[in-house]
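The structure under discussion appears below in the form of structure tokens.
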Amino acid sequence: ETGVTQTPRHLVMGMTNKKSLKCEQHLGHNAMYWYKQSAKKPLELMFVYNFKEQTENNSVPSRFSPECPNSSHLFLHLHTLQPEDSALYLCASSQERDGSGANVLTFGAGSRLTVL
Amino acid sequence: AQSVTQLDSHVSVSEGTPVLLRCNYSSSYSPSLFWYVQHPNKGLQLLLKYTSAATLVKGINGFEAEFKKSETSFHLTKPSAHMSDAAEYFCVVSDSGGYNKLIFGAGTRLAVHP
């Protein structure tokens, strides 16, 4: 276990369903991230929350809606997704400015999403 | 703007032979560089990081990488591959200040044969 827990690990949903992905970190970090990992493409940053405030939204479609109620929890609400949204969604956390000048991310195991 | 290129999408080695995974970067700033590894059905795990200290960086599981500014490279090496090294490896560049400005390479899948 990395200290970042994602649920569910696998999710199959229809295009009209509403579902949510959950991420929880037990590391005391102050920043949390959602990444999308699709086959044959580099990791795509979707959202960043720092101290619970959204600081980055990389032109993500509104059918993806993030929520960060506190610095330990991050959700990704899904609504009317498309088949091309099928991917591995990775949550990560970090402590901003870890002292070395490098921004080390700790990743969860991911939620494998299939949209039918 | 930063970018990172992993020169090989697949690398195949025999167990016990050296591993070389190649990465070139482009950065306007003094970059931080990372290698992450992803085993099947797992998240990404940090192998090592370079942050303008020693140019030869040692990481976990016997991996190391050398920062070569003149060649804009940060290749990952291991003297002797183990079966458990089979995974996907990502080279990542970060600018000097942004906590979220990480650019991931496309990944190199390492296969290790007995």
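Source: prediction; values computed, not measured.
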Is there a path from [X] to [Y] through hydrophobic residues (I, L, V, M, F, W, Y) whose side chains come within less than 4.5 Å of each other?
X: B:Leu47; Y: B:Leu56; result: no
X: A:Phe75; Y: A:Leu21; result: no
X: A:Leu76; Y: A:Met15; result: yes
X: A:Leu81; Y: A:Leu116; result: no
X: A:Val4; Y: A:Leu11; result: no

Where is the tightest heavy-atom contact between [X] and [Y], given as atom of each residue plus distance?
X: B:Asn41; Y: A:Arg9; answer: O-NH2, 2.9 Å
X: B:Gln38; Y: A:Leu88; answer: NE2-CD2, 3.8 Å
X: A:Leu105; Y: B:Tyr36; answer: N-OH, 2.9 Å
X: A:Phe107; Y: B:Leu44; answer: CB-O, 3.4 Å

note = When the 4.5 angstrom heavy-atom criterion is applied to A:Arg112 and chain B, the contacting part is neither
ask   = So what's closer than 4.5 Å to chain B heavy atoms on A:Leu90: side chain, backbone, both or neither?
value =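 The side chain, not the backbone.
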request  = Using the test salt bridge (charged side-chain N to carboxylate O under 4.0 Å, His left out), find all partners of B:Lys42 that sit at least two apart in sequence or belong to another chain.
outcome  = none
task = Go through A:Gln6, A:Glu44, A:Gln37 and name the one with the most non-hydrogen pairs under 4.5 angstrom from chain B.
result =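 When all of A:Gln6, A:Glu44, A:Gln37 are compared, A:Gln37 has the most.
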